[in-house]
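Take a look at the structure set out below.
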Amino acid sequence: MKDRILIRGSMILSQDPDYRDVPKGDVLIEDNRIEAVAEKIVCEDARIIDGKHKILLPGFVDAHRHNWESMLRSIGVDWTLGQYFTAVKKTLGPAYQPDDIYLAQYIGALECLDSGITTLFDWFHNNNGPEYCDAAIEGLKDAGIRTVFGFSNSIYGELPVSTVPLDYSDFRRIKNAYSASGDSLISLALATRGPQFLSMELVEKEMRLARDTDTLTAIHVGDGIWGRSRPVIKLYEKGLLHSDMTFIHCNTLSDEELMLISQSGAKVVSCPEVEMNMGHGFLPTLREREVGLEPALGVDVCTSIPGDMFGVMRSMLAGVRAVVNDTALKKGTPVEQLPILATEVLKFATLNGAKACNLGQKTGSITPGKAADLVLLDTDMLNMMPMNHGVNAVVEAAHPGNIDMVMVAGKIVKEQKKMLGVNLPKLKRRVEQAAYALFERAGIAKPEEWIPPVYEENHKS
Ligand SMILES: [Zn+2]
């Protein structure tokens, strides 16, 4: 007997290029998959979820986040990228114990689900041994989020230019554990430091490991001054560019490097809110478009910005448009058409994210046969009335408080605006105690008064 759920009467923004958006329609879910999408579906034995006055979306995909930093929430709002490097990579990261990793991963993943993110690319670069890695994955599993787990280096191999190798045998252990299970919510990627942060000898070794094991590879490139060291050219010259790669940020890459990424068939990910706040550089979106690239979107770090996709989508629009509008102002010519539309940004935050995670066949749109990763957004709230334009309202008016129901692979994790199975007061006490102890171990007596020095070594590498 199949488990059936019928979401009835919602506005459907499918993000599937073959399905038009439906102002009012039904979606049938059978077990963990979307069975049917239509204006009217009759199913006698389904549990009914009332979708009236609600917008149904595919779950958001955060294509780049360091989830283990959730314990350091908001601490670096006024920090530059250089201050963040000193604080997180040199001081706070090494103070984590496996229990802190578990808790950070758990609360970060719950926060994702609460705000409608059903898939996360989690880049784990505080990977100080198997017990850290296991704790990181346990936190994700307990929260119930779909994750591409980006296996990465230890925190001691993080600062540039590192000669600390990846734990290759532990990578293979995790790869064996998660590659065989087709329906598992966890899959594996290799999150490599790349030419900006790692010696080229080790870059080649890590990239070979990824190819030998047929593993998606993600690399930070083009972030701030470090990004001007021609990292993509270096990869190209060694024959290391491949379609099964994602390039994160890309702000200070040259046009030639963006072209090389496009020609290789690899994907790009922008984290606009973090990039503009922390000094990575202007958004490369229009330069990417020139060479046929379209980004996925990511939060990146909750030390500095909120952990939901609404702010990220708004930052993408504002960031791209600010430059175009300012250029036109300086020339004294009016802008005929704003670049990058809300409909495109919503696709960046859903379907493009799924594709960047190699999950384009599984999630990212409301398509029969795909996993039932779905979000219902309440429009009976002050910030959403009157409902004049669904997509525009989701991108520019909505916030996590509008998220009414969240489902991952057919399993409801949030209903009527409440996360299921989460004892929030108890969790909060545990997290606050752990955070206090963490700062104490790191020697930071008053985090709210701490101004870390700017990390400058190898700035011109
Ligand atoms: Zn990052």
Side-chain angles (χ1 to χ4, degrees), residues 61-73 75-77 79-90 92-93 96 101 104-105 108-109 112 117 119-127 136 147-155 157-160 162 166 189-198 203 206 216-227 229 231-232 245-253 261 266-281 283-284 295-307 309 311-312 315-316 353 356-357 455:
V61 179
D62 179 351
H64 182 69
R65 183 189 299 226
H66 307 284
N67 196 34
W68 66 267
E69 295 177 21
S70 303
M71 196 71 97
L72 311 175
R73 185 181 310 288
I75 187 175
V77 168
W79 294 347
T80 66
L81 187 58
Q83 287 174 306
Y84 162 89
F85 268 39
T86 306
V88 174
K89 302 187 180 194
K90 260 183 135 167
L92 294 166
Y96 270 68
I101 296 286
Q105 294 283 86
C112 285
I117 297 168
T119 300
L120 174 67
F121 186 111
D122 175 28
W123 184 307
F124 183 54
H125 56 5
N126 199 351
N127 189 359
T147 312
V148 179
F149 182 70
F151 187 100
S152 195
N153 48 278
S154 93
I155 198 76
E158 185 54 20
L159 287 168
S162 175
L166 202 70
L190 196 148
T192 178
R193 288 158 285 184
Q196 287 175 217
F197 299 97
L198 187 63
V203 169
E206 293 190 3
L216 172 68
T217 313
I219 308 189
H220 288 117
V221 287
D223 38 337
I225 290 172
W226 286 283
S229 58
V232 177
M245 295 172 78
T246 56
F247 290 90
I248 319 301
H249 302 311
C250 306
N251 311 73
T252 53
L253 294 185
I261 293 174
K267 311 280 192 307
V268 289
V269 179
S270 280
C271 307
E273 198 166 3
V274 150
E275 290 161 12
M276 289 190 292
N277 274 294
M278 293 176 77
H280 296 57
L283 303 185
L297 297 180
V299 163
D300 202 356
V301 289
C302 292
T303 53
S304 307
I305 67 156
M309 294 301 278
V312 170
S315 297
M316 158 79 31
C357 289
Y455 181 82

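Hydrogens, waters and symmetry mates are skipped; everything else that's a heavy atom, side chains included, is used. Counting starts at 1 for both ligands and their atoms, following the listed order.
The name of the N, O or S atom in His66 nearest to the Zn ion (ligand 1) is NE2. Nearest to the Zn ion (ligand 1), among the N, O or S atoms that Asp300 has, is OD1. Here the N, O or S atom of His64 that is nearest to the Zn ion (ligand 1) is NE2.
A heavy-atom distance below 4.5 Å is not found between the side chains of Ser70 and Gln105.
Distances from the Zn ion (ligand 1) show that Asp223 has no N/O/S atom below 2.8 Å. The distance from the Zn ion (ligand 1) to the nearest N/O/S atom of His220 is under 2.8 Å. Among the backbone and side-chain atoms of Cys271, no N/O/S atom is found under 2.8 Å from the Zn ion (ligand 1).
In this pair, Trp226 and Phe85 present their aromatic rings parallel. The plane angle is below 30°, not in the 30 to 60° band.
Contact check on Glu158 versus Lys90 returns no salt bridge, with no Lys/Arg side-chain nitrogen under 4.0 Å from an Asp/Glu carboxylate oxygen.
The backbone N or O of Leu166 sits nowhere less than 3.5 Å from a side-chain atom of Asn153 that would complete a donor-acceptor pair.
For His280 and His220, the gap between ring centers reaches or exceeds 6.0 Å.
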